[in-house]
Amino acid sequence: MADQRYDPKQIEPKWQKLWASERTWEVSNEPIGTDERPKSYVLEMLPYPSGEPHIGHLKNYSLGDAIAHFHRRTGHRVLHPMGYDAFGLPAENHAINTGERPRDSTNASIAAFRRAFNSWGISIDWSRELATHEPEYYRWTQWIFLALYERGLAYRKEAAVKWCPNDQTVLANEQVIDGRCERCGHLVEIRQLEQWFFRITDYADRLLDDLQTIDWPEHVTAMQRNWIGRSAGAEVTFRCDEVGIDYPVFTTRPDTLFGATFFVMAPEHPDVGRLAAGTEYEQQVHDYVNRALTESVEVRGAADKPKTGVPLGRTVTNPVTGEQIPMFVADYVLMEYGTGAIMGVPAHDQRDYDFAVAFGLEIRQVVEPVDGEVPEGEAFVSHTADERLVNSGEFSGMDAVAGQQAIIEWLDREGKGHASVNYRLRDWLVSRQRYWGCPIPIIYCESCGMVPVPESDLPVRLPDVDDYKPKGRSPLAAAEDWVNVRCPNCKGPARRETDTMDTFVDSSWYYMRYCDPHNDKAPWDRHVLDSWMPVDQYIGGVEHAILHLMYSRFFVKALADMGLLGFQEPFKALFTQGMILGPDGVKMSKSAGNVISPMPIVDRYGADAARCYVLFIGPPDQDAAWSESSLAGVHKFLGRLWRLGDGLSGDAGPAEQPAGAEGDALTLVRKANWAIDKVTTGMTGRFTFNTAIAAIMELVNEVYHHLDAELGARRFAVATAASLLFPFAPHLGSEVYEMVTGQRVWEEPWPAADASMLQSDTFELVCQVNGKVRDRVIAQSGAPRDELERLCMATRGVQAHVDGHEVAKVIVVPDKLVNVVVR
RNA sequence: GCGGCGGUGGUGGAACGGUAGACACGAUGCUCUCAAAAGGCAUUGUCCGUAAGGACGUGUGGGUUCGAAUCCCACCCGCCGCACCA
């Protein structure tokens, strides 16, 4: 072979320049003439520009780019854009620490990402690039906020909200992990504050039901189902005659209503003080409530916390038994779920059981298994049709499922309750007391009250400030020139809203802006939007399973209801990539000291090797540890392909499959077609790029083993390898394809496997005795069953194990194996 | 506790119910070379055996089947999400 070497530093910039100057990956919103190719929108989650890109970005965009290239070459008009999720706390904290303005550090990081994407050769339509911190973008974020506001989907309300004392801002429920701030890890406090919310709970049912219409990984839809937390049951009214008030409770087990022997309210319930007033427990209740309110989210929420509580000194009426049952206040009841009060059914709820034991309350069994025992010392919580109601008046004897229905109907007739559904999902808290975010376009007027900024005044620009330090209110509040405005209505003195939006608002619609990125009349033209959306393949990390992916679904549904778009789901298919762990198998982090940066890797081995390696490392949806030696192996493989191409470069010609190939040539032609089939299958569905690349390696190995095969066959095999490799290693794929054929590989259609070449004339017949392989023999493809049986029985290995035994049965699987069953 | 995912050589991982371990890393040997780098070729699940060959092997225990890593049941272990949600 020639003594030249594969040199990515020569090859990669050459192709990058060509693609940039020819704007190869740009796609028009108005296809010219007779372009009737189907559209395909391939999108990776946009990066958050903070510092330099890391190895996870390389994997994310290598995955998406491979899919985009495959779709292009299989006849699609592919939209594959890029942008930056530019607002956010890290840039602001960086500013507090260093004094560097968020805008400057963010723009520097964006430049680093742009450089990286170019040096990796990602096929991006750069004409659609956007960043969420630019007024041209956030003008429309504000516009959407106001559209939600007009329809009552954005509202301001005082509520008990989660507050991070370190970041000095409120957080959405979704941003609190185990009682701690997801960003900084500080314990979160509860504060009673007036804040902005989006009414996502209005969409709970649709967000749940429509999960069935999208092709997402099971674990992600499961997480969303879980998070929405829909429970069906009943609302049942318990009346407190002493004060003359009805207290509804929510229960998923109305069939156990006859077993409700006490009643519990959350410490935050507004009636707790009034109910206890004048009773012997007044002081105790007061103290208990105060203590509960000051407890941290983490302590209060601990599942194994012993049950505590205080009697209220009052009773309510159990609506089915008519009994007076005692009322309590206890912190295991949460104000934010259901009605903030529960019926206590100790026999059939473990928490109620624990409470009843602690307070010596009656435990009354009202459901029993048809056969089997009720467990001792714990609640019997099972709920199936194999269980019967007992001690339940007219409902006794019914099975638990039917009994539940019957009791709901009875409650409905008597006006004491009705079927009801509850959700765990809370409304999305979107306001933040921080600087580096999209300003909320609302003005507070002394006489007109809350006034939306008129559309003609958008965007409300984020002003420059000098002090980013959080002080419990937005740093914007100090920008007096900006804050003080005239009321758009009455022209009187007014003040701007100084909170900014959660950055998840920005990223809830960016994928739509890509479709019509330069529109300055509207966030998008609906016809253009509907022609590209929904995203056909979305690719990103699983860490957004709930936050970004649910907020975006909510946005699309809300905007669809306004007639602004004509689809119900933003992301038709989702792929969640696994993480790349450090060489030690531990998640990469500065503290673990195991961070692998993509830039030196690309510099040393080339972008193609880096891209192929992160795809070859394992199934792309699974985590995998970094291995430099495996990366070197991939680099070696690329060099092997390059040398084959180099060797054929003097004989460049069409890469057609040679007709009538025989011997070595036929072997190569078959292997090439086998690889086409393998790679094509791997590109669809599960994205098994690791095995696709392995198939190309096999093809390349096969060429090395048949270097004497005739030129046409070698050229076909090498060109095919380059063509198949192109989505993973676009520079080398282009280089080798050009060396061998003189053509541009990305302008070639994706190769189609020749079905007649996928099967050979003969095959190796596996000969088993009692399911164990005892021999192998070459047989003609398509040979009849009796012929295969005869061949198998004649082998030495089979005879040795059949000898002296009675043949009970022979199983023949044509073109595969024969299994002789002996006794 | 609820929901989801996983457990295969020294390592990463392959395997429509049909040859377990493709491909790659690592290791060993050979080769090219004055030499090295780089390359090429070969071997490589474990155990017994010089070999032919055999036995054992996909977390554990059962089951279905001519045949199970794959399907079913019961467990064990690990990871992820949710969780005093009534």
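Every chain is numbered from 1, with letters handed out A, B, ... down the list of sequences.
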Side chain of N226(A), base of C82(B): donor and acceptor closer than 3.5 Å?
no
Can you tell which of A83(B), C84(B), U19(B) lies closest to the side chain of R424(A)?
A83(B)
Could you write nucleotides 43-58 of chain B as a row of B, S and -, 5' to 3', where a protein heavy atom under 4.0 Å of any base atom gives B, of only sugar-phosphate atoms gives S, and otherwise -?
---------S-SSS--
I need a per-nucleotide contact map over nucleotides 10-16 of chain B, read 5' to 3'. Cutoff is protein heavy atoms under 4.0 Å; write B for the base, S for backbone only, - otherwise.
--SSS-B
Quick one: side-chain hydrogen bond (donor to acceptor under 3.5 Å, both in side chains) partners of R714(A), sequence neighbours excluded?
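side-chain hydrogen bond (donor to acceptor under 3.5 Å, both in side chains) check on R714(A) returns nothing, list empty.
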Under 4.0 angstrom, heavy atoms only, what part of the nucleic acid is [X] near: base, sugar-phosphate, or nothing?
X: R640(A); value: sugar-phosphate
X: N422(A); value: nothing
X: V813(A); value: base

When you measure from every atom of RNA chain B, which of residues 335-351 of chain A have a heavy atom less than 4.0 Å away?
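Close to the strand are Y337(A), I342(A), R351(A).
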Taking salt bridge (charged side-chain N to carboxylate O under 4.0 Å, His left out) as the definition, give me every residue that meets it alongside R640(A), ordered by chain and number, with sequence neighbours left out.
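Expected list: none.
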Output every pair passing salt bridge (Lys or Arg N to Asp or Glu O under 4.0 Å) with a member in residues 676-691 of chain A, not counting sequence neighbours, ordered by first then second residue.
none
Can a side chain N or O of R643(A) be found less than 4.0 Å away from OP1 or OP2 on G40(B)?
yes
